[in-house]
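Note that the numbering runs from 1 along the sequence shown for the chain.
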Amino acid sequence: MGLQLPLGVGLPDSAVFATYYAGPNAGAVAAVAGAEPILFLVGAAGVGKTHLLQAACAATTGAGLRAALLPLAQHSSLDPAVIDGWDAFDLVCVDDVDAVAGDAAWEHALFGIYNALRARGGRWLAAGADVPSVLGFALPDLASRLAAGPVFVLQPLDDDGRVAALTLRAHQRGFELPEEVARYLLKHAPRDMNSLYRVLDDIDRASLSQQRKVTIPLLKSIL
């Protein structure tokens, strides 16, 4: 049992399905959380690809099974030998797979792990900036394997969705985020969800340390 990750990688406590606001991506979330054996997530930074892969790993290990997560944007410089034996896992998640497109050693390593994993019934989930066919893989068979299951293009949230997502994350952290504070945040901070979540963490810490309610004046003091 357990989770395998490259050195220096850890899963944040918030990386679970309960903290992901699905919005227009409910179908993708259901597929990742379910038993879909192969799928590919597409989307720009901040739409939740990494969150969903991390949540799948957390759910798998929570069920007493073995999962492996490879965030290639951070670790494309590693020797592909780091994933030797990963076909023995129940779930393998590969994030930012496009980071190694054109790297023959990595492409062949991923292709081998994919084939061996699927031969023994393991799940394979991957994510990239675009659909596999246009990511520039030198190994055509790898691109076809990556697209062998459903391909979900994750949609960014609109403002109402961002407010709902922030409210959900705040609730999971144990505090209430008034709607007027959330909408003020949207107007005065970078609008991608990663940046918004970082400010939300700052709000939580400031509220606790200063023993203040979550209000617009508190948010102004942070921004």
Side-chain angles (χ1 to χ4, degrees), residues 3 5-6 8-34 41-63 67 69 71-75 93 95-96 99 125 127-129 152-223:
L3 175 67
L5 303 126
V9 176
L11 290 185
D13 292 340
S14 60
V16 294
F17 290 116
T19 60
Y20 186 87
Y21 178 74
N25 302 308
V29 176
V32 175
L41 299 176
V42 176
V47 296
K49 303 187 304 294
T50 298
H51 187 139
L52 290 177
L53 294 184
Q54 292 174 339
C57 286
T60 298
T61 57
L69 173 65
L72 279 172
Q74 302 173 42
H75 293 279
C93 292
D95 198 9
D96 295 310
L125 312 181
F152 293 95
V153 180
L154 298 182
Q155 302 299 319
L157 300 174
D158 60 16
D159 280 0
D160 288 342
R162 289 184 175 93
V163 168
L166 290 167
T167 302
L168 174 63
R169 181 66 64 90
H171 180 73
Q172 293 289 334
R173 290 189 65 108
F175 71 97
E176 297 303 316
L177 180 70
E179 182 176 348
E180 64 270 19
V181 177
R183 294 198 179 275
Y184 186 91
L185 176 57
L186 290 184
K187 292 180 180 179
H188 295 87
R191 295 171 59 80
D192 67 281
M193 291 310 301
N194 289 334
S195 297
L196 291 171
Y197 284 144
R198 283 193 290 271
V199 177
L200 193 69
D201 291 341
D202 293 340
I203 292 172
D204 188 19
R205 286 190 290 268
S207 175
L208 288 172
S209 65
Q210 300 176 33
Q211 293 295 297
R212 295 173 61 185
K213 292 183 178 180
V214 177
T215 60
I216 290 177
L218 176 65
L219 177 56
K220 286 182 177 179
S221 72
I222 295 169
L223 297 176

* Structure fact -> Separation between CE (M193) and CG (L166), nearest 0.5 Å, reads 4.5 Å

* Over all atoms of both residues, closest heavy-atom pair of A18 and Q172 -> O-NE2, 3.6 Å

* **Distance (rounded to the nearest 0.5 Å) between L196 CG and R198 CZ** => 9.0 Å

* Asked: Which atom pair, heavy atoms only, marks the closest approach of G48 to L154?
  -> C-CD1, 4.1 Å

* To do: Of all the heavy-atom pairs spanning G23 and L157, show the shortest one and how long it is.
  => CA-CD2, 4.3 Å

* To do: To the nearest 0.5 Å, tell me how far L200 CG sits from R169 CZ.
  => 7.5 Å

* **Sidechain-backbone polar pair: K49 side chain, A44 backbone, donor-acceptor under 3.5 Å** => yes

* Contact summary for A33 and F17, nearest pair of heavy atoms -> CA-CZ, 3.6 Å

* Asked: Just how far is it from atom CG of D95 to atom CG of L41, taken to the nearest 0.5 Å?
  -> 8.5 Å

* Got F152 and V32 here, is their nearest side-chain heavy-atom distance under 4.5 Å? -> no

* Distance-minimising heavy-atom pair for T61 and A58 -> OG1-O, 3.1 Å

* Asked: At what distance, to the nearest 0.5 angstrom, does CG of N25 lie from CD of Q155?
  -> 6.5 Å

* To do: Taking S207 for its side chain and K213 for its backbone only, find out whether a donor-acceptor pair lies under 3.5 Å.
  => no

* Rounded to the nearest 0.5 Å, how far apart are CG of N194 and NE2 of H51? -> 10.5 Å

* Within-4.5 Å side-chain heavy-atom neighbours: V199 and L219 -> yes

* Asked: Per the salt bridge (charged side-chain N to carboxylate O under 4.0 Å, His left out) rule, which among D158, D159, D160 passes with R162?
  -> D159

* Report yes if some heavy atom in the side chain of V214 is under 4.5 Å from a heavy atom in the side chain of P178; otherwise report no. => yes

* Between L185 and L177, is any pair of side-chain heavy atoms under 4.5 Å apart? -> no

* Between C93 and A56, which heavy-atom pair has the shortest distance, and what is it? -> SG-CB, 4.4 Å

* Is any side-chain heavy atom of R183 less than 4.5 Å from a side-chain heavy atom of V163? -> yes

